[in-house]
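Values reported hereafter were calculated over all heavy atoms of this structure, with side chains retained and with hydrogens, waters and symmetry mates removed.
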Amino acid sequence: MVFPDLLIQIAWVIVIARCGYRAVNLMNSSRKPWFEILFYISVVLISLSFLLAF
């Protein structure tokens with residue numbers, strides 16, 4: 001089925017955009033919570049690998 005695949009791809013793009021946005025905002029703060037920044041970056045990388053393998 002094409003429709004569920006498209007929804008899943010859109011969901012991965014939303015996850016990537018949200019985590020990337022959050023990581024950039026955290027990097028611009030004066031106090032950098034590195035563990036959270038690394039977490040969001042790792043979610044982006046894992047999401048990209050799932051999206052590209054789809």
Side-chain angles (χ1 to χ4, degrees):
M1 287 175 122
V2 175
F3 187 66
D5 292 341
L6 181 62
L7 285 177
I8 291 171
Q9 289 178 348
I10 291 170
W12 280 123
V13 170
I14 292 170
V15 168
I16 291 167
R18 167 73 172 129
C19 289
Y21 173 77
R22 187 73 177 123
V24 169
N25 278 345
L26 287 173
M27 282 190 266
N28 288 333
S29 66
S30 60
R31 185 184 159 273
K32 295 183 182 10
W34 289 109
F35 191 69
E36 278 193 62
I37 292 170
L38 292 174
F39 171 75
Y40 286 119
I41 291 172
S42 65
V43 170
V44 167
L45 292 174
I46 292 169
S47 299
L48 274 174
S49 70
F50 274 108
L51 185 64
L52 295 176
F54 214 84

Report task. Could you list all the ring-ring contact (aromatic ring centres under 6.0 Å, His included) pairs where at least one residue sits in residues 6-51, not counting sequence neighbours? Result ->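 Qualifying pairs: Trp12-Phe50.
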Query raised in the report: Does any pair with a residue in residues 41-54 pass side-chain hydrogen bond (donor to acceptor under 3.5 Å, both in side chains), and if so which ones, sequence neighbours excluded?
Result: none
Under 4.5 Å between side-chain heavy atoms, hopping through other hydrophobics if needed: is there a path connecting [X] to [Y]?
{"X": "Val13", "Y": "Ile46", "value": "yes"}
{"X": "Leu45", "Y": "Met27", "value": "yes"}
{"X": "Val44", "Y": "Ile8", "value": "yes"}

Query - Which atom of Leu26 lies closest to which atom of Lys32, heavy atoms considered - result: O-CG, 4.2 Å
Report summary line: Between Ala23 and Ile41 the two heavy atoms that sit nearest each other are CB-CG1, 4.2 Å
Report summary line: The reported gap from SG in Cys19 to CG in Leu48 (rounded to nearest 0.5 angstrom) is 10.5 Å
Query - Any residue meeting side chain to side chain contact (heavy atoms under 4.5 Å, CB included) with Ile10, in chain and number order, not counting sequence neighbours - result: Leu6, Ile14
